[in-house]
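Numbering of ligands and ligand atoms starts at 1, following listing order.
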Amino acid sequence: MNVFETLLPACAKVVVAKDWMWNTPVFQEEEAFIERAVEKRRREFRASRHSAHEALSVFEHNDFRLLPGGGRAPQWPAGIVGAVTHTGQFCAVAIAAAQECRGLGIDAEQNSPLSDELKQMICTPSEQAWVTEQEAAGKLWVSKLIFSAKESVHKVYYPLNQYTLDFLDAELVIDLAACSFHARILKPVVNASVPIHSLKGRFFVDDQLVYSAIFYANEPI
Ligand SMILES: CC(C)(COP(=O)(O)OP(=O)(O)OC[C@H]1O[C@@H](n2cnc3c(N)ncnc32)[C@H](O)[C@@H]1OP(=O)(O)O)[C@@H](O)C(=O)NCCC(=O)NCCS
């Protein structure tokens, strides 16, 4: 099982990019988006598209061209929700049927602390106090966990509302023992298409990466 499979319900299909996916060109319509991109961006885009194609084929969406839309959010086929993440040599895609899931967010980040400057941009005062406490106890990755969880929030929130929350518009409470988090949306968009007050997610940390995932279910699961 890959990490995101352990963080998401079984109805989600997760694909972690295989080595060949990073270098092999994708559909022409997709390649058009990376024509002038630097090598790093070409590699991650190809890895994410090949992974998405494999995941989509499980839902019988074959040969679907996964193009970026507004705000860079991928435009999934009707009836599918999903998310993409890539960092370093790791890329993953998770998708689910919209009947079961309103929104999916996954994110992976390098396991290293945020700089002090970034901590202030990403973390609310109460999150900063919690980070300081946890870092003193040796958990140097907790600031990156807050960053990753907020990226997962963004990947759920944006496609439903076409709105980019600021990092300080959400506040997290993290349960380290349960490997879970609760994100409260402090400043939602006015007249939200899908009002969201809070989102629950799960996380995992290994030597290399910090992973977070949110499955925003249609019904409690
Ligand atoms: C765009 C952004 C989410 C990328 O995050 P990242 O950690 O640097 O990169 P990741 O590899 O994990 O994710 C990139 C993928 O996110 C997806 N993504 C980008 N914008 C998105 C959006 N608006 N909605 C949903 N998914 C989006 C894309 O699939 C992208 O990969 P692709 O371009 O190859 O398709 C991030 O840079 C950003 O702009 N964040 C600001 C908003 C935010 O996070 N607010 C906090 C709210 S609490």
Side-chain angles (χ1 to χ4, degrees), residues 3-4 15-17 21-22 26-27 29-34 37-53 55-56 64-76 80-95 101-112 114 118 121-124 127 143-174 181-189 192-194 196-201 203 209-214 216:
V3 169
F4 285 117
V15 174
V16 172
M21 293 180 172
W22 296 80
V26 286
F27 292 118
E29 298 89 330
E30 296 171 329
E31 285 282 316
F33 285 88
I34 47 169
V38 297
E39 187 58 15
K40 175 178 176 293
R41 176 66 184 139
R42 292 158 94 92
R43 283 174 52 76
E44 64 187 24
F45 186 85
R46 286 172 173 166
S48 73
R49 267 47 193 181
H50 283 299
S51 302
H53 299 158
L56 286 166
F64 185 81
R65 275 69 170 158
L66 183 64
L67 306 181
R72 264 185 66 193
Q75 302 301 291
W76 299 98
I80 296 287
V81 295
V84 170
T85 187
H86 26 59
T87 178
Q89 304 304 305
F90 178 84
C91 168
V93 169
I95 65 171
C101 181
R102 293 179 106 180
L104 247 181
I106 63 168
D107 188 73
E109 300 291 334
Q110 300 296 316
N111 181 341
S112 55
L114 293 176
L118 275 176
M121 287 171 59
I122 306 295
C123 303
T124 65
E127 289 168 344
S143 58
K144 209 47 118 21
L145 171 58
I146 290 182
F147 178 73
S148 176
K150 288 188 175 184
E151 295 282 81
S152 285
V153 167
H154 174 62
K155 291 175 191 178
V156 172
Y157 200 91
Y158 184 92
L160 292 171
N161 286 304
Q162 287 74 54
Y163 180 77
T164 302
L165 292 167
D166 186 80
F167 284 98
L168 303 181
D169 291 344
E171 187 164 75
L172 298 182
V173 173
I174 294 176
F181 62 87
H182 182 246
R184 199 156 55 91
I185 310 303
L186 304 176
K187 206 172 150 213
V189 59
S193 320
V194 181
I196 300 175
H197 304 291
S198 69
L199 290 165
K200 285 182 184 162
F203 71 89
L209 301 177
V210 174
Y211 312 80
S212 66
I214 296 173
Y216 180 41

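The side chain to side chain donor-acceptor pair (under 3.5 Å) search around E151 returns none, not counting sequence neighbours. Listed by chain and number, the residues in a ring-ring contact (aromatic ring centres under 6.0 Å, His included) with F167 are F147 (sequence neighbours excluded). The side chain to side chain donor-acceptor pair (under 3.5 Å) test applied to S152 returns S212, not counting sequence neighbours.
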side-chain hydrogen bond (donor to acceptor under 3.5 Å, both in side chains) evaluation trace for E109 with T87:
CA-CA 6 Å; E109 300 291 334; T87 178; 5.2 Å; no
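Salt-bridge formation is detected for the pair E29/R65: a Lys NZ or Arg NE/NH1/NH2 atom is positioned less than 4.0 Å from an Asp or Glu carboxylate oxygen. Note on D107 versus K155: salt bridge recorded, some NZ/NE/NH1/NH2 to OD/OE distance being below 4.0 Å.
The immediate protein surroundings of ligand 1, defined as residues with any heavy atom under 4.0 Å of it, consist of R41, S48, R49, G71, R72, A73, P74, V84, T85, H86, D107, E109, K150, E151, H154, K155, Y158, P159, T164, L165, D166, F167, A170.
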